[in-house]
Chemist: 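Take this structure first; my questions come after.
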Amino acid sequence: MADPSYSRLLTSCQQFITDFFQRRPFLATSAVGLSLAAVAHVVRSYRGFLALGPGGLPYNFLGWAIQAAAQPIARRDTRESRPFADPRVFARYAPHGRTSFLDGEVSARRGERPDVPSYVAPQRQMTEHADASRIKAMKAELAGSVGQHAELLALAPSGLEGPKHQALWIGEAAGKPAYLARSTKGEFAHVHPDGSSHLILSLADAETATAKGWVERHMLSGVTLPLSYVLVYAPRDEEEFQVWKKLLAASIAFNTASSKAA
């Protein structure tokens, strides 16, 4: 048997809604329309979030909500190279921030940039993915670089993308630069399932790579992540793979420069 107090409350609510629509039909209809539009937007956005694939945040509605909550502090100028040349940020990445570690010139990337949706995380490109063999080769490059710099680097599960992703870290015996210790705890490179990757470059190299169309910043770069934490687009062919290797080598050189000098 229904609780009489609950029945009275339900009746009162129904009567209030009926009266509201009768007294304020335009306002009531507008409120319903806006509510439906908001729900439709959330559903669309959540589906887009799932389409990115797992990475970093929980792969569910909670993950979507976390990245949505971070939108107000996210940066929108991720494809601009000018922030890397701002003298106000130089001190944070001294003494090597304005040094280029790229081996030779980097040509401009062909064609348009890939589609990178404006979710705070995970950051992924939805077009122009790398093929499986090239992604395997990229991961092999990460592992191989540890052998070349065993005293400085470590390969371990990513703290940013989750344990299924291997990442390059500054080794325990090496000193972590302040910009890494405060943000990523020493992680500075990892590869994604789409063939894109995240690298931390020097300010000078990030400026060059952005201007040449190879990278864009993370939306939290310069907020909670180092300013030069960039998304490198997936290599589409062998020539672009060689550019990626050059960027990886520059990232390793920059992030270990202080340890080598010590």
Chemist: Side chains of H218 and T78, heavy atoms from C-beta outward: is any pair under 4.5 Å?
Modeler: no
Chemist: Is it true that, when you exclude D103 itself, more than 12 heavy atoms of the residues, nucleotides or ligands shown sit nearer than 6.0 Å to its CG?
Modeler: no
Chemist: Can you see which heavy atom on P177 is nearest to which on I170, and at what distance?
Modeler: CD-CG1, 4.5 Å
Chemist: Taking the side chain as C-beta and beyond, is there a heavy-atom pair between L199 and L248 under 4.5 Å?
Modeler: yes
Chemist: Of all the heavy-atom pairs spanning A85 and R98, show the shortest one and how long it is.
Modeler: CA-NH1, 4.2 Å
Chemist: For the CG atom of L247 and the OG atom of S197, what is their distance to the nearest 0.5 Å?
Modeler: 8.0 Å
Chemist: With a 4.5 Å heavy-atom cut-off, do I135 and P193 have their side chains touching?
Modeler: no
Chemist: So how far is it from L180 CG to N255 CG, rounded to the nearest 0.5 Å?
Modeler: 5.0 Å
Chemist: Is it true that M219 and W64 fall in one hydrophobic cluster, defined by side-chain heavy atoms closer than 4.5 Å?
Modeler: no
Chemist: For residues P83 and V89, determine if any side-chain heavy atom of one lies less than 4.5 Å from a side-chain heavy atom of the other.
Modeler: no
Chemist: Rounded to the nearest 0.5 Å, what separation is found between the NE2 atom of H192 and the CD atom of E161?
Modeler: 3.5 Å
Chemist: Side-chain heavy atoms under 4.5 angstrom apart, residues restricted to Ile, Leu, Val, Met, Phe, Trp, Tyr: same cluster for V223 and V215?
Modeler: yes
Chemist: Mind checking the CG-NE2 spacing from L203 to H96? Nearest 0.5 Å is all I need.
Modeler: 12.5 Å
Chemist: Find out whether W214 and V106 are in side-chain contact, i.e. whether some heavy atom of one side chain is under 4.5 Å from a heavy atom of the other.
Modeler: yes
Chemist: Please tell me if the side chains of S183 and T224 come closer than 4.5 Å, counting only heavy atoms from C-beta onward.
Modeler: no
Chemist: Listed by chain and number, what are the salt bridge (charged side-chain N to carboxylate O under 4.0 Å, His left out) partners of K245, not counting sequence neighbours?
Modeler: E141
Chemist: Quick one: do V243 and F101 end up in the same hydrophobic cluster if we chain Ile, Leu, Val, Met, Phe, Trp and Tyr together by side-chain heavy atoms under 4.5 Å apart?
Modeler: yes
Chemist: On a heavy-atom basis, which atom in T184 and which in W169 lie closest, and how many Å separate them?
Modeler: O-CZ3, 3.8 Å
Chemist: Can you list the residues that meet the ring pair (Phe, Tyr, Trp, His ring centres under 6.0 Å) rule with Y179, with sequence neighbours excluded?
Modeler: Y93, F254
Chemist: Check whether any side-chain N or O of D131 sits under 3.5 Å from a backbone N or O of R134 as a donor-acceptor pair, and report yes or no.
Modeler: yes
Chemist: Which distance, rounded to the nearest 0.5 Å, do you find between the CD of Q67 and the CG of L220?
Modeler: 10.0 Å
Chemist: Please answer whether the main-chain N or O of E207 pairs with a side-chain N or O of T210 as donor and acceptor at a distance below 3.5 Å.
Modeler: no
Chemist: Using atom types as modelled and distance alone, determine if a side-chain donor or acceptor of E238 lies under 3.5 Å from a backbone N or O of F241.
Modeler: no
Chemist: Please examine the side chains of L153 and T256, heavy atoms only from C-beta on, and report whether any two atoms are closer than 4.5 Å.
Modeler: yes
Chemist: Assess, by modelled atom type and distance only, whether the side chains of T127 and D115 contain a donor and an acceptor separated by less than 3.5 Å.
Modeler: no
Chemist: So R109 and E128, salt bridge (charged side-chain N to carboxylate O under 4.0 Å, His left out) or not? Walk me through it.
Modeler: CA-CA 13 Å; R109 184 179 181 273; E128 300 181 341; 2.9 Å; yes
Chemist: For the pair K176 and E187, find out whether any cationic side-chain nitrogen is under 4.0 Å from an anionic carboxylate oxygen.
Modeler: no
Chemist: How about V120 and Q71: do any of their side-chain heavy atoms sit closer than 4.5 Å?
Modeler: yes
Chemist: For R217 and D77: C-alpha separation, side-chain torsions, deciding distance, then whether salt bridge (charged side-chain N to carboxylate O under 4.0 Å, His left out) applies.
Modeler: CA-CA 8 Å; R217 296 199 323 280; D77 58 345; 2.7 Å; yes
Chemist: So, for S107 and K212, which heavy atoms are closest and what is the spacing to 0.1 Å?
Modeler: O-CB, 4.0 Å
Chemist: Ring of F49, cation from R44 - is the NZ or CZ under 6.0 Å from the centre and inside 45° of the axis?
Modeler: no
Chemist: How many angstroms lie between CZ in F188 and CD1 in I200, if you round to the nearest 0.5 Å?
Modeler: 8.0 Å
Chemist: Who passes salt bridge (charged side-chain N to carboxylate O under 4.0 Å, His left out) against R76, sequence neighbours left out?
Modeler: none
Chemist: Just distance, no hydrogens or angles: give the donor-acceptor pairs under 3.5 Å from side chains in residues 225-237, sequence neighbours left out.
Modeler:
from: S228; atom 1: OG; to: L201; atom 2: O; distance (Å): 2.5
from: Y229; atom 1: OH; to: H198; atom 2: ND1; distance (Å): 3.2
from: Y233; atom 1: OH; to: R113; atom 2: NH1; distance (Å): 2.8
from: Y233; atom 1: OH; to: E216; atom 2: OE1; distance (Å): 2.7
from: R236; atom 1: NE; to: E240; atom 2: OE1; distance (Å): 3.1
from: R236; atom 1: NE; to: E240; atom 2: OE2; distance (Å): 3.0
from: R236; atom 1: NH2; to: R110; atom 2: O; distance (Å): 2.8
from: R236; atom 1: NH2; to: E240; atom 2: OE2; distance (Å): 2.5
from: D237; atom 1: OD1; to: E239; atom 2: N; distance (Å): 3.2
from: D237; atom 1: OD1; to: E240; atom 2: N; distance (Å): 2.9
from: D237; atom 1: OD2; to: R110; atom 2: NH2; distance (Å): 2.9

Chemist: Do you know which two heavy atoms are closest between G195 and A130, and how far apart they sit?
Modeler: CA-CB, 3.9 Å
Chemist: Is there a donor-acceptor contact under 3.5 Å from the side chain of D194 to the main chain of Q125?
Modeler: yes
Chemist: Apply side chain to side chain contact (heavy atoms under 4.5 Å, CB included) to L52 and Q123, showing your working.
Modeler: CA-CA 8 Å; L52 299 173; Q123 188 182 35; over 6 Å; no
Chemist: Start with the C-alpha gap between T99 and S202, add the side-chain angles, then the distance that decides, and say whether side chain to side chain contact (heavy atoms under 4.5 Å, CB included) holds.
Modeler: CA-CA 7 Å; T99 301; S202 72; 5.6 Å; no
Chemist: Give me the atom names and distance for the closest heavy-atom approach of K185 to A181.
Modeler: CD-O, 3.7 Å
Chemist: For residues H190 and Q166, is any side-chain donor paired with an opposing acceptor at under 3.5 Å?
Modeler: no
Chemist: Mark yes when over 12 heavy atoms from residues, nucleotides or ligands other than E105 sit less than 6.0 Å from its CD; otherwise mark no.
Modeler: no
Chemist: List the atom pairs, with distances to 0.1 Å, where a side-chain N or O of residues 53-61 and a protein N or O form a donor-acceptor pair under 3.5 Å, not counting sequence neighbours.
Modeler:
from: Y59; atom 1: OH; to: L50; atom 2: O; distance (Å): 2.6
from: N60; atom 1: OD1; to: L62; atom 2: N; distance (Å): 3.0
from: N60; atom 1: OD1; to: G63; atom 2: N; distance (Å): 3.2

Chemist: Taking side-chain hydrogen bond (donor to acceptor under 3.5 Å, both in side chains) as the definition, give me every residue that meets it alongside R92, ordered by chain and number, with sequence neighbours left out.
Modeler: none
